[in-house]
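This report refers to the structure that appears directly beneath it.
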Amino acid sequence: MKQYFFSLLMLLAVGGMAQTAKNAYQIRVKVDGFTEKQLFLGYYMGDKQYVMDTAEVDAKGEFVFSGPEALKAGMYIVVLPPNNDFFQILVSDKEQAFLVRTTKDKPGENTKFEGSKENALFYDYVNYLNAKRPEAEALSKEIEAAKDNPTVKDAAQKKMEKLNADVEKYQTDYVKKFNGSFAAAIIRANMSLDTPKSFDNLPEEEKNRQLWMWTRQHFFDNMNLGDNRLLRTPFLFQRLDYFVNKLCVQHPDSIAIAIDTVLERLRPAEESFKFYLIHFLNSYAASKFVGMDAVYVHMSEKYYATGQANWANQDQVKKIVDNAKKLKPLLIGKTAPDIVLERNGNRTMLSQLKSEFTLLYFWRYDCGHCKESMPAMKKFFEKFKDRGITLVAICVKPAQDQPECVKYIQENGLTEWYNATDPTGRYFVLYNVETTPQMYILDSKKEIISKQVPAEQLEEVMDKIIEMNKKDKEKAGNK
């Protein structure tokens with residue numbers, strides 16, 4: 001709880017960004033002691049902050065942010081150059097015109113409002129936390145200093161627990177009293193969850209397991225993701241990112257379920273739904289982790305192919321859906337597409353090769369990355385060629401250029417590889433070979449178990465795969 005108290009202080013006591021017009025919004029700002037000629041207004045979106053407006057000081061010594069279109073409800077920040085000190089303000093649909101008074105020093109602690117009940121409410125809470133800060137910091141230092149004195153440490157910890165309990169009661173009463181306000185929604189969203197006390201009596205391992213499962217189920221109990229005001233806050237992205245990337249098992253199927261859960265809760269807030277659907281799609285399209293393209297495929301099929309991304313350009317949607325269709329047959333766990341392999345005038349099918357593991361490697365002799373990876377590939381093959389591995393190398397060049405492929409193979413000592421061509425050229429489409437090198441690791445059934453492994457990491461990856469395969473066989477033999 002101590003950690004939570006300090007993180008909340010940092011979140012709410014310092015600052016963010018803003019905007020308004022005669023405009024549909026008009027936010028007037030007066031900063032005592034501030035001699036610069038400009039202020040900046042910004043907003044939160046995702047994990048970033050964006051400047052949206054600049055105000056020049058007027059004859060009254062005020063900075064006026066205004067515009068013809070109403071601001072989207074959210075938490076904004078007013079930034080003071082040149083040190084970029086800032087303070088947060090709330091903008092609601094109903095309050096788009098108000099006056100802010102503060103000071104150059106500690107602007108987040110000396111803020112007063114005229115014409116904004118939401119901000120007055122919010123800063124009542126901020127000021128309450130600021131008043132508690134010295135006591136919390138003193139107790140924290142006392143606990144640290146008394147680590148070798150159990151009596152003193154225990155007394156200080158009890159005082160900290162009492163302080164935390166007081167803060168929690170204040171929060172609960174505040175949210176209840178001002179239910180429906182934006183300020184209450186923010187405070188409620190940042191309140192800690194009350195985990196079942198029954199977990200305390202469990203063995204440590206089981207306690208952690210139950211706590212993890214309970215937290216996943218109740219993680220958003222205090223946060224209404226369908227509230228469009230939360231999109232422009234500094235904590236929404238952090239919360240969603242933690243749920244998907246920390247609370248969720250990092251397996252494509254589990255991640256897809258977690259993202260679906262988040263998007264379904266976001267759906268009533270159309271702008272939030274749009275922003276995070278695009279965010280998650282782009283994140284997994286660009287993921288460097290093997291197998292995460294399955295999440296991209298899932299999102300494409302569930303949301304884009306069904307018309308739920310109705311804001312997107314149709315050409316863009318088609319590109320996303322077509323790309324997912326190309327990737328789907330190549331996902332981990334799928335049977336590798338069968339292709340013809342021609343070697344020394346003889347033809348066979350990839351599916352007919354008998355090997356514990358098959359490494360399917362697409363390369364070109366004039367590919368810079370291929371040339372860079374060749375020394376590591378050679379080293380790997382020499383070490384693993386007697387461990388049940390067949391390295392099928394396909395030079396992705398047209399027939400007239402194949403002599404150059406052969407020349408490169410001979411000059412670089414790659415003749416022990418299973419060097420082959422696919423005379424039909426179907427590999428290019430089936431394996432979506434738009435760039436090289438590309439690598440697929442197949443098991444004895446020709447199912448894809450890994451792919452796109454950098455040559456420098458191939459030894460480590462194959463060691464793990466072989467070890468896991470050995471354990472699986474031992475388990476099967478003991479049944």
Side-chain angles (χ1 to χ4, degrees), residues 11 16-19 24-25 43-48 50 69-76 88-96 117-118 121-122 171 174-191 193 215-248 254-284 295 298-313 316-317 320:
L11 170 68
M17 301 195 185
Q19 56 165 275
Y25 75 92
Y43 64 96
Y44 296 100
M45 186 64 73
D47 59 343
K48 296 178 175 58
Y50 300 91
E69 296 183 7
L71 294 176
K72 299 287 182 68
M75 181 182 284
Y76 290 75
Q88 297 165 322
I89 60 174
L90 304 187
V91 175
S92 66
D93 292 330
K94 295 180 180 180
E95 293 182 351
Q96 297 267 323
K117 292 181 180 179
E118 280 284 8
L121 281 176
F122 178 65
Q171 291 171 332
Y174 184 106
V175 168
K176 193 177 203 179
K177 183 176 181 180
F178 302 111
N179 184 39
S181 70
F182 188 20
I186 290 172
I187 292 160
R188 183 171 184 265
N190 287 282
M191 290 174 62
L193 296 169
T215 303
R216 283 180 59 202
Q217 184 177 355
H218 295 275
F219 193 69
F220 297 112
D221 281 4
N222 288 339
M223 182 181 293
N224 176 14
L225 297 187
D227 185 342
N228 59 21
R229 299 172 298 185
L230 298 184
L231 178 61
R232 289 170 177 80
T233 62
F235 55 81
L236 180 62
F237 179 90
Q238 298 169 2
R239 207 63 57 82
L240 300 184
D241 183 71
Y242 186 85
F243 181 77
V244 172
N245 295 312
K246 295 293 189 293
L247 275 183
C248 169
S254 298
I255 292 172
I257 292 172
I259 291 174
D260 288 346
T261 299
V262 166
L263 290 175
E264 196 56 39
R265 287 175 174 265
L266 288 169
R267 193 181 291 276
E270 293 182 8
E271 190 180 6
S272 299
F273 177 82
K274 173 183 175 180
F275 180 87
Y276 281 100
L277 175 54
I278 294 171
H279 164 72
F280 285 123
L281 181 83
N282 290 341
S283 295
Y284 288 96
V295 181
H298 167 81
M299 295 187 67
S300 171
E301 291 182 336
K302 178 160 185 173
Y303 299 101
Y304 284 83
T306 59
Q308 295 186 55
N310 52 20
W311 60 83
N313 177 281
Q316 182 185 30
V317 171
I320 291 169

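As a basis for the values below, the full set of heavy atoms in this structure was taken, side chains included, without hydrogen atoms, waters or symmetry mates. Small disclaimer: the values here were computed from a predicted structure and weren't measured.
- When the side chain to side chain donor-acceptor pair (under 3.5 Å) test is applied to D227, the partners found at least two apart in sequence or on another chain are R229.
- With sequence neighbours left out, the side-chain contact (heavy atoms from CB on, under 4.5 Å) criterion links S272 to L231, L266, A269.
- R216 pairs by the side chain to side chain donor-acceptor pair (under 3.5 Å) definition with nothing, not counting sequence neighbours.
- Judged as a salt bridge (charged side-chain N to carboxylate O under 4.0 Å, His left out), and not counting sequence neighbours, E270 has no contacts.
- A heavy-atom distance below 4.5 Å is not found between the side chains of N228 and F273.
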Inset, instruction - Give the C-alpha distance, both sets of side-chain angles, the deciding distance and a yes or no for side-chain contact (heavy atoms from CB on, under 4.5 Å) between D47 and Q238. - result: CA-CA 7 Å; D47 59 343; Q238 298 169 2; over 6 Å; no

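- Annotation: side chain to side chain donor-acceptor pair (under 3.5 Å) contacts of Y304 (sequence neighbours excluded): none.
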Inset, instruction - Evaluate side-chain contact (heavy atoms from CB on, under 4.5 Å) for L121 paired with L90, printing each intermediate quantity in order. - result: CA-CA 10 Å; L121 281 176; L90 304 187; over 6 Å; no

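- Shown here are the side chain to side chain donor-acceptor pair (under 3.5 Å) partners of Y174, two or more places apart in sequence or in another chain: there are none.
- With sequence neighbours excluded, the residues satisfying ring-ring contact (aromatic ring centres under 6.0 Å, His included) with F243 are F219, F220.
- Residue I257 holds its CD1 atom at 8.0 Å from SG of C248, rounded to the nearest 0.5 Å.
- Closest approach of A73 and S92 over heavy atoms only: CB-CA, 4.1 Å.
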Sequence neighbours left out, cut at 3.5 Å: what donor-acceptor pairs do the side chains of residues 275-283 make with other protein atoms?
| residue | atom | partner | partner atom | Å |
| --- | --- | --- | --- | --- |
| N282 | ND2 | I278 | O | 3.4 |
| S283 | OG | H279 | O | 2.8 |

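- Contact of the R232 side chain with the M45 side chain is registered, since non-hydrogen atoms from C-beta on lie closer than 4.5 Å.
- Applying the side-chain contact (heavy atoms from CB on, under 4.5 Å) criterion to Q316, with sequence neighbours excluded, gives A312, N313, I320.
- Counting only residues at least two apart or in different chains, salt bridge (Lys or Arg N to Asp or Glu O under 4.0 Å) contacts with residues 274-283 are absent.
- With values rounded to the nearest 0.5 angstrom, T261 atom OG1 is found 11.5 Å from L240 atom CG.
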Inset, instruction - Walk me through it: do M223 and L236 pass the test side-chain contact (heavy atoms from CB on, under 4.5 Å)? - result: CA-CA 9 Å; M223 182 181 293; L236 180 62; 3.9 Å; yes

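- A pairwise comparison of heavy atoms in V262 and L225 identifies O-CD1, 4.2 Å as the closest pair.
- By the side-chain contact (heavy atoms from CB on, under 4.5 Å) test, D260 is found to be paired with H298, K302, Y303, residues two or more places apart in sequence or in another chain being considered.
- For residues 234-247, no pair satisfies salt bridge (Lys or Arg N to Asp or Glu O under 4.0 Å), with sequence neighbours left out.
- Annotation: side chain of R267 is not in contact with side chain of L263 (no heavy-atom distance under 4.5 Å).
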Inset, instruction - Under the side-chain contact (heavy atoms from CB on, under 4.5 Å) rule, what do Q88 and Y44 come out as? Steps first, then yes or no, please. - result: CA-CA 11 Å; Q88 297 165 322; Y44 296 100; 3.2 Å; yes

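- Across all non-hydrogen atoms, the minimal contact from A183 to E118 is N-OE1, 3.1 Å.
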